[in-house]
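Report on one structure; see the data block that follows.
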Amino acid sequence: MYGETLLGVMGILMIVTIVWALIQSKTNPVPIFVIVPIVAAVIVGFGPHEIFAFVKAGVSKTWSTAVLFIFSIVFFALMGDVGLFDPMVNWLSKKAGNNIMAVTIATSLIAVIAHMDGSLASTLLITIPAMLPVYKKLHIRPVTLLVIIGAAMSIMNLVPWGGPVARTGVVLNADVNALWQQLIPLQGVGLVIVVLFAAYMGWVEKRRGAGLHATGKAALLDSTVEDSDIGHSQAEFDAMKRPKLIWINLLITLGVIGLLCFTKVPLYGAFMLGLAIALIINFPGAKAQSKAIKMHADTALTMPMILLASGIFLGVLDGTGMMKSMASLLIGLVPDAIGGHLQTVFGIFGVPIGMLLGTDSYFFGLVPLAISVGQQFGIDGHNMAMAMLISKNYGVLVTPHAATTFLACGLAGVEIKDMLKFCAPRLFVLSLISLTFGALLGLFTI
């Protein structure tokens, strides 16, 4: 087996290859996530028995989210089919008219409220199904919906019950609430930035021709948006409507959201229960229920397959030691000349590095190493951690091997290559703006 440096290089090459292949879209993500990691593990000297153990460990971490995908996507698709969101869509469309900015700003506010519980998955599961029909009707690109939600989640994820702050508290051995109190002013500024960003994205979409009455080719939706509708006629969708059951379906949906937000019931368990009740009430009989499920079987199965395959990638990355080696390698590449400003350097590159490493490896692998090296240059550990925390948060929605990334793509009907190309650069810029305000507010020194 290779030494630590070569393991780190191989890990980076593996991730770059996977991201490149995803963006090129030459093949389905499933073969990419399966073949590339296995080949990389073989190259660095691991045998079949060890690789299968990595696969088992990795998939065990993603199977529950894959089950969540299946039931959540079918549940919300079914609620859309029966017409639950139609009144809101029609009302927002009527009120907004050509005021696209009102819709995008509303999206940011809904996402902020939905993320009060600190859960990325529930925020996506609440916001996307509610707003996507409005975006389609007004000819606003779904990637715009995703980037606004991503921006809102990034700043709201700094709450003490959010994962990044809790992880930072563990690394620093500091009180999580104390960390959050320092971050509150930045969150206040960040919320203003999110609303302004949403307004800007609305302005961009309006210039493209979006509106209740589309103004030309520029307003057309991406070709990927209607993929889940292929093979089904409008008459079939019209036959699915259940206007007389709208209040019952609303109660079912609110019940599911309540289970997501206020109980410890597994997310997939809440959607299993909700879907079962919704099928019985809206579609009596096995034949009607099977048809309702099959309407969205393509999307509901494709995304979980990708997620399970990504488990192989995560298992290999962790089991081979590539993840730890990559963190050490990144630290070792820092020139002595900029050692005194190491926190700023890692802050600036927080999003791309976070996209490579993922949340746990970033906070539990890279941050402690960065703090250790920074201390050699006289950098306080708190300074380092805060800079890395503030910027990394903006990568939560664009990490190509994270479950929430695929959940967002599946719910919005967007290919991952389109999401990464559209969302990552914009969220990266927002991370730099947030980092600047963090420094101005004294959260860390430059």
Side-chain angles (χ1 to χ4, degrees), residues 28-34 55-56 58-82 84-85 119-130 132 142 146 224-232 237 240 249 252-253 255-257 259-261 263-283 286-314 397 400-416 419:
N28 185 278
V30 171
I32 296 172
F33 278 121
V34 173
V55 169
K56 183 177 180 180
V59 173
S60 68
K61 296 178 181 178
T62 60
W63 73 263
S64 62
T65 310
V67 175
L68 166 66
F69 273 41
I70 295 172
F71 287 92
S72 64
I73 288 175
V74 174
F75 175 80
F76 279 116
L78 187 68
M79 288 296 105
D81 290 344
V82 299
L84 175 63
F85 305 116
S119 170
L120 301 176
S122 62
T123 302
L124 296 171
L125 290 165
I126 292 169
T127 311
I128 295 177
L132 184 60
L146 293 183
T224 56
V225 173
E226 305 291 346
D227 282 353
S228 61
D229 296 346
I230 292 174
H232 304 294
F237 284 107
M240 301 277 284
N249 286 319
I252 295 172
T253 303
V256 170
I257 293 173
L259 290 175
L260 294 177
C261 298
T263 72
K264 294 184 179 180
V265 173
L267 296 181
Y268 59 81
F271 283 106
M272 282 180 169
L273 179 61
L275 179 60
I277 296 173
L279 284 171
I280 291 172
I281 291 176
N282 289 280
F283 302 98
K287 186 175 181 181
Q289 291 166 5
S290 296
K291 183 178 180 181
I293 293 172
K294 288 177 182 177
M295 291 282 283
H296 303 282
D298 182 26
T299 304
L301 288 177
T302 300
M303 285 300 163
M305 287 178 65
I306 294 172
L307 184 59
L308 290 171
S310 71
I312 296 176
F313 162 74
L314 295 174
L397 194 66
H401 48 81
T404 46
T405 301
F406 290 100
L407 179 60
C409 290
L411 290 171
V414 174
E415 290 187 14
I416 188 170
M419 183 205 194

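All residue numbers in this chain count up from 1 along the given sequence. This is a predicted model, so every value here is computed, not measured.
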Distance-minimising heavy-atom pair for A412 and L146: CB-CD2, 3.8 Å
Where L259 and A270 come nearest, the two heavy atoms and their spacing: CB-CB, 3.9 Å
Residues which pass side chain to side chain contact (heavy atoms under 4.5 Å, CB included) with I280, listed by chain and number, not counting sequence neighbours: Q289
Qualifying residues under side chain to side chain contact (heavy atoms under 4.5 Å, CB included), relative to A292, sequence neighbours excluded: L78, M240, L279, F283
Closest non-hydrogen atom pair between L124 and L411, with its separation: O-CD1, 3.6 Å
Results of ring-ring contact (aromatic ring centres under 6.0 Å, His included) for F271 - residues two or more places apart only: F75, F76
Rounded distance (nearest 0.5 Å) linking atom CE of M305 with atom CZ of F33: 13.5 Å
Which atom of G274 lies closest to which atom of I252, heavy atoms considered: O-CG2, 3.9 Å
Atom of T404, atom of L397 and distance for their closest heavy-atom approach: O-CD1, 4.4 Å
Rounded distance [0.5 Å steps], CE in M79 versus CG in D81: 9.0 Å
Steps toward side chain to side chain contact (heavy atoms under 4.5 Å, CB included) verdict (L308, V30): CA-CA 8 Å; L308 290 171; V30 171; over 6 Å; no
Non-neighbouring partners of P266 that pass side chain to side chain contact (heavy atoms under 4.5 Å, CB included), sequence neighbours left out: Y268
Flag side-chain contact, heavy atom, 4.5 Å: L132 against P142: yes
Set of side chain to side chain contact (heavy atoms under 4.5 Å, CB included) partners for I70, sequence neighbours left out: P304
